[in-house]
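The block underneath contains the structure these notes are about, expressed in structure tokens.
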Amino acid sequence: MKPANSPRFRKEEQKLMVLGGSDSSLREMKFSEFPSVLNPGDLVVLNDAATLPASLHGNAGSGAPIEMRLAAHADDSSFWAVLFGPGDWRIATEDRMPPPAPGQEDVLTFSEGLHAKILEVSPVSARLIRIKFLEKEADWLNEIYRIGKPIQYSYLREALSLWDVQNVYSSRPWAFEMPSAGHALDWNLLLQIKKRGIKLASLTHAAGISSTGEPVLDAFLPLPERYDLPQETVNQILETKAKGKRVIAVGTSVVRALESAVHLRAGIGRTELRLNSDYKLRVVDGVLSGMHDTAESHFQLLSTFASKNLLQEMLNFAEKKGYLNHEFGDSCLILTK
Amino acid sequence: MNLKGKSVLITGASQGLGRALALELAREKAKIVAIARKSEPLTNLMAQIKSEGGSSFAILADVSNKFAIYAITAQAAQLAGPIDILINNASTLGPTPLRGLMDSDCEDLAQVFETNFFGPFRLSKALLGPMLIKDKGVILNISSDAATSPYENWGAYGSSKLAFDHLTRIWAVELHSTQIKILSVDPGEMDTQMHADAIPDANRALLARPSDIAHRLKNILLKIDEIASGSRLFANDERFA
């Protein structure tokens, strides 16, 4: 499948493949018909995390140029981050120069007002480090927004700006890459969804870095991710379940958060859940997602919702129909009931 | 509407009406997110709010810069929580002394629209998303009588404010199926730096004090449940005294 190479391709042309549901056939439609697949009383849960400008260019302690990509929250005051050597986003991550070997206690400098101390170098890969910014939260956040760029993808025609990687309902800056399943939703559709008696709810999930270009490290992803599940959303889910209606997650980040919250307890949590074909879903009845090839880790996540054979069949059909994949591509909705 | 604990984002908060509003609403125990371009007056404002027992956060940014918008909204959400009320107050006259349209540079007109029209459009668009998910929120747009009266030499400012008023009305229509309120308010003439820049020889004794107008805008927010979305209000309306 070909990637969508720009975030600005026409919304009206966006496609949706529906798998499962009341009849188990594959159905192809325009994305704008998404509300028609849902029933009144169903609940759509969105990840409202805004996307950070998580790519920071700077210098290692030795002065050597580096790029650091924030990858996940490690705890309340530190982050996991991935280091790259010199080069820019037009070079595929797997072809990037390695960074100079980082050492614990080294200080990385990104500007006069932004410094990160390395607290830990991961045994998984020397490129995965745990860092803490030396400035106060309000100051480093401000500086990240001043000098940082969103994480880029080498298959795109032009560099992404921060506007390109926000969903229309984004709020707290917790995501390191855009929770891209919601990218095709606009307010025209969301208001139509509400008018049809379908409910909307949100949570915040700190979607982490999706790929690093280093096989050993990529196999280790996703890192544990932070989420915040509001009580209001929990109430809406319980109400939906009690009425026998469906909970539809927009994106696998929402699935991970909802399936991880023990007894659906509201509040801030951290998920290490790995979704795969053996996992039995407890909360979520369907997922809206982008199109992902079988080689991608995302395919594993989707196999929680449908057999790999069915998913493969869907991908073959999508390919034949000219669907586009990756962050800004077409979508699929996989329903289990 | 009870303002206690609400997160209120105010642009142009370092002086004039914006500053007075920040102080007034902080006294109602709202959490203030103050946006302005200059650091020192913002620091002073935060210090004053703190000394009165209130809570505030400051973000240095220029609302006319498209790429400052997500820096503002993301930091605001991180520091103060989801924004309940947005007050689009920042505006510019353009070059002063004010001049006729034939003597205005195209770039000056464009810059006035960036600050008075595109800036608040972008900021509202970015903050409306999370408001729509929760189906609640208020956007208060500060207008001017220059939006309705064609004052000589006020071409850039007046036309940008009229465009902003109409944007407000259309947005209200588009959001009619929601509980979100978006309105504009004409504050009337006030004794501010902006007024002095525009009309240096005005009789200041005849002008309202920004703190009195801020008090009236607070009353509008307190009575927001009775006000129709899309309204264009006057601060001097006796309902808000």
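The basis for the numbers below is simple: all heavy atoms, side chains too, and nothing from hydrogens, waters or symmetry mates. So you know, we letter chains A, B, ... as the sequences are listed, proteins then strands, and number each from 1.
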* Are there more than 12 heavy atoms of other residues, nucleotides or ligands under 6.0 Å from atom CD of A:E232? -> no

* Structure fact -> If one checks every heavy atom of A:W187 against chain B at 4.5 Å, the contacting part turns out to be side chain

* Asked: Does the ring center of B:F118 lie less than 6.0 Å from the ring center of B:F121?
  -> no

* B:A77, B:P130, B:A68: which one forms the most heavy-atom pairs within less than 4.5 Å of chain A? -> B:P130

* Return the option, out of B:L132, B:I59, B:I72, B:L60, with the maximum number of heavy-atom pairs under 4.5 Å with chain A. => B:L132

* Give, as side chain, backbone, both or neither, the part of B:A126 having an atom under 4.5 angstrom from any heavy atom of chain A. => backbone

* To do: Considering only NZ, NE, NH1 and NH2 on the basic side and carboxylate oxygens on the acidic side, decide whether B:K31 and B:D84 come within less than 4.0 Å.
  => no

* Any donor-acceptor N/O pair, B:K161 side chain to B:T148 backbone, under 3.5 Å -> no

* Considering only heavy atoms, which portion of A:S170 lies under 4.5 Å from any heavy atom of chain B: side chain, backbone, both, or neither? -> both

* To do: Answer with side chain, backbone, both or neither: which region of A:L52 has an atom nearer than 4.5 Å to a non-hydrogen atom of chain B?
  => neither

* Asked: Between A:F110 and A:H115, does a ring-ring contact (aromatic ring centres under 6.0 Å, His included) hold up when you go through it step by step?
  -> CA-CA 6 Å; A:F110 302 97; A:H115 302 84; 8.4 Å; no

